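Working notes, beginning with the structure itself.
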Amino acid sequence: MKDKTGHSWAEPYKIKMVELLRMTTREEREQAIREAGYNTFLLRSRDVYIDLLTDSGTSAMSDRQWAGLMMGDEAYAGSENFYNLQGAIQEYYGYKYLVPTHQGRGAEHLMSQILIKPGDYVPGNMYFTTTRLHQEMAGGHFVDVIVDEAHDPASPHPFKGNVDIAKLDRLVAEVGANHIPYISLEGCVNMAGGQPFSMANLKDLHDWCRQHDIPIMLDATRTIENAWFIRRREEGYADKSIREILREICDLTDGCTMSAKKDLLVNIGGFFACNDEEVFLKAQNMVVVYEGLHTYGGLAGRDMEAMARGLREAVLQEHQDARIGQVRYLGVHLRNAGVPIVRPIGSHAIFLDAKMFLPHLDQDQFPAQTLAAELYLEAGIRSMERGNVSAGRDPETGQNRRPALELVRLTLPRRVYTQAHMDVVVEAVASVYERRTEIRGLEMAYEPEYLRFFQARFQPLE
Ligand code: F0G
């Protein structure tokens, strides 16, 4: 598919090793999804053909990263790989202090416990499941301050990840700036469809935060992908490198949590980073209680090495052109087939609009969960519900949150699937779309207490 210059993009790598997949019959898939309680999280990977559950920890590492695994320094303390990682993060993200963690939520746990006091309010550009839960477990209340367009799957706004500063003003008027420990800012907002924020918006947010003496803590998970969109869509950035834009973003913020399993092309890893020494010392002390010593944070030395090397690959223009180009390829072909998807096409996934896809189902019949199960039955494709099940219950009312966005996420691991796989996905979704009026909803048969979408079980409605 051609880019703006009229050239097709292609992968900036060739394949050295392959992983064989098992093909299944429709009968096998019927049994598998029944046994999984119609929850794609509970399927066995061996029963899946094309796995689009997540881009988290599922990317293919390069030969250089694999070589880095052999350079693992597994000393309990002071591993050489920690210093390599620290150097890379200081160089590319620019934060002074680093605390490695086993993955993103480990960093969210540390940061939430350190910065949030019970009764505080934490504004963010849309919630993420684990992020909000850690805020709530620290006694905070999450407040959504993303622009309204983000909640409208049809809005073509180029920066649906932007923060609405007027919503922040209203929050300060209501609760006072001293009850806002930080602003939680995510790049390529996952739950909104992988939608970026603009640099102009971040600059406004930065000024606002300086006025109110509130720090900005970045969820850096997909911020390199966000930098790609700024370069592509925002005036004045076309001649800057992704690396320069990433640094500009980080310089406008005070620290970050990171799930390195996305942007950084590793199977496991994360970190907390910041510029404030006092906060760093607290995180460094707390990490030894919950994760591991502060020079490994629950990771093996080799994992930190793979992360440092992944970071250098992740900022390459040709890598992101192919990565985001493949997502776009899938999205454009689904749109051409008439399938309702979230616009504009985002960074890491295509989001099917399940309310539009299955308008005959009530939201409490879990249209997105139902559609994800149907897609698996159709072709062995595994996707993820991002709607009423993921949103959970309101802690105050106990009711399902019934979010505006009821989506199925087709998430692309980086450097894993081919264009032919994408064609198979398009055909499968189109064929489910054709028989959509026959599809019945689900009811929940088992509901766990925390992050219910991971482990809930369902059964088909009569
Ligand atoms: N923040 C964002 C924006 C995420 O997408 C994730 C994970 C996390 C934090 C938590 O990081 O999984 O390493 O503990 N997202 C995965 C996903 C699970 O499929 O979107 P983690």
Side-chain angles (χ1 to χ4, degrees), residues 41 53-59 85-86 88-89 92-93 95 97-116 122 124-138 140 142 161 182-192 194 216-226 246 249-250 253-274 279-280 283-284 286-287 289-292 294 296-300 303-304 306-308 310-311 314 347-349 384 386 390 409 411 413-414 450-451 453-454:
F41 277 105
L53 183 71
T54 176
D55 62 333
S56 182
T58 52
S59 295
L85 178 63
Q86 190 184 44
I89 284 162
Y92 287 86
Y93 289 93
Y95 300 117
Y97 303 111
L98 167 72
V99 179
T101 58
H102 77 285
Q103 59 183 73
R105 68 199 74 176
E108 290 169 351
H109 173 222
L110 302 181
M111 185 175 81
S112 304
Q113 292 295 331
I114 291 166
L115 296 180
I116 299 171
V122 187
N125 55 345
M126 205 172 265
Y127 83 102
F128 184 71
T129 53
T130 58
T131 319
R132 181 177 63 193
L133 182 61
H134 279 296
Q135 292 163 358
E136 289 173 352
M137 289 174 83
F142 169 80
Y182 61 92
I183 310 283
S184 177
L185 180 74
E186 185 188 337
C188 279
V189 181
N190 193 352
M191 302 301 277
I216 304 175
M217 302 308 282
L218 184 67
D219 180 337
T221 300
R222 296 183 186 83
T223 299
I224 302 177
E225 292 176 352
N226 199 115
L246 174 68
I249 292 171
C250 294
T253 66
D254 299 278
C256 78
T257 55
M258 176 70 178
S259 171
K261 302 170 74 172
K262 285 77 163 178
D263 264 357
L264 301 193
L265 301 161
V266 286
N267 303 125
I268 193 74
F271 56 82
F272 171 70
C274 66
V279 171
F280 162 66
Q284 194 186 39
M286 209 176 148
V287 80
V289 180
Y290 291 102
E291 305 272 323
H294 55 276
Y296 75 86
L299 296 168
D303 300 326
M304 293 187 283
M307 218 196 290
L311 171 51
S347 58
H348 62 305
M384 187 192 288
R386 294 275 82 156
S390 293
R409 190 181 72 174
T411 337
R414 296 161 189 79
Y450 301 111
L451 302 174
F453 55 94
F454 283 130

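No hydrogens, no waters, no symmetry mates; every other heavy atom, side chains included, goes into these values. Treat the numbers as computed from the prediction; the structure is a model and nothing was measured. Numbers here simply count residues along the sequence, with the first being 1.
- Not counting sequence neighbours, Glu108 has no partner by the salt bridge (charged side-chain N to carboxylate O under 4.0 Å, His left out) test.
- A donor atom on one side chain and an acceptor atom on the other are found under 3.5 Å apart for Asn190 and His348.
- Here the shortest heavy-atom pairing between Pro413 and Ser59 reads C-OG, 4.2 Å.
- By the 4.5 Å heavy-atom criterion applied to side chains, Ser184 and Met217 are not counted as neighbours.
- Minimum heavy-atom separation, Ser112 to Ala138: O-CB, 3.5 Å.
- Checking side-chain atoms of Asp303 against main-chain N and O of Ile268 turns up no donor-acceptor pair under 3.5 Å.
- For Tyr296, the ring pair (Phe, Tyr, Trp, His ring centres under 6.0 Å) test picks out Tyr76, with sequence neighbours left out.
- Of the inter-residue distances, the one linking Thr253 atom OG1 with Ile216 atom CD1 reads 6.5 Å to the nearest 0.5 angstrom.
- The structure places CD1 of Ile89 at 10.5 Å from SG of Cys250, a figure rounded to the nearest 0.5 Å.
- The two residues Met258 and Ala107 have their closest heavy-atom pair at N-CB, 4.4 Å.
- Once rounded to the nearest 0.5 Å, the distance linking CZ of Phe272 with CD1 of Ile114 reads 6.0 Å.
- Nearest approach of Ser390 to Phe453, heavy atoms of both residues: CA-CD2, 3.7 Å.
- Side-chain contact of Ser56 with Lys262: a donor-acceptor pair under 3.5 Å is present, judged by distance alone.
- Nearest heavy atoms, Leu299 versus Pro100: CD1-CB, 4.4 Å.
- Between Phe128 and Thr221 the shortest side-chain heavy-atom distance does not fall below 4.5 Å.
- Considering only heavy atoms from C-beta on, Cys274 comes within 4.5 Å of Phe280 through its side chain.
- No side-chain donor-acceptor contact under 3.5 Å links Asn267 to the backbone of Lys261.
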Quick one, Gln135 with Met111, criterion side chain to side chain contact (heavy atoms under 4.5 Å, CB included). Give me CA distance, side-chain angles, the key distance, then yes/no.
CA-CA 9 Å; Gln135 292 163 358; Met111 185 175 81; over 6 Å; no
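- Relative ring orientation between Phe142 and Tyr127 is described as perpendicular, the plane-to-plane angle rising above 60° on a 0-90° scale split at 30° and 60°.
- Inter-residue side-chain proximity for Arg386 and Thr129 is flagged as met; some heavy-atom pair is nearer than 4.5 Å.
- Counting only distance, with no hydrogens or angles, the side chain of Asp219 and the backbone of Leu185 share no donor-acceptor pair below 3.5 Å.
- For the pair Gly161 and Val189, the tightest heavy-atom approach, listed with the atom from each and the gap, is CA-CG2, 3.8 Å.
- Ring geometry, His134 versus His109: the interplanar angle falls from 30° to 60°, so the pair is classed tilted.
- Residues Leu115 and Val279 meet the side-chain proximity criterion, which asks for heavy atoms closer than 4.5 Å.
- Here CG of Leu451 is found 5.0 Å from CG of Leu133. Values are rounded to the nearest 0.5 Å.
- Side-chain atoms of Tyr182 and Val122, non-hydrogen and from C-beta on, do get closer than 4.5 Å to each other.
- Side-chain contact check for Thr54 versus Met384: some heavy-atom pair is nearer than 4.5 Å.
- Remark: Arg222 pairs with Asp55 by the salt bridge (charged side-chain N to carboxylate O under 4.0 Å, His left out) rule, at least two apart or across chains.
- Rounded to the nearest 0.5 Å, atoms OH (Tyr95) and CD (Gln86) are 15.5 Å apart.
- Side-chain atoms of Thr101 never come within 3.5 Å of backbone atoms of Gly106 as a donor-acceptor pair (strictly under, hydrogens ignored).
- Side-chain contact check for Ile224 versus Leu311: some heavy-atom pair is nearer than 4.5 Å.
- In this structure, Phe454 places its CZ atom where more than 12 heavy-atom neighbours from other residues, nucleotides or ligands lie under 6.0 Å away.
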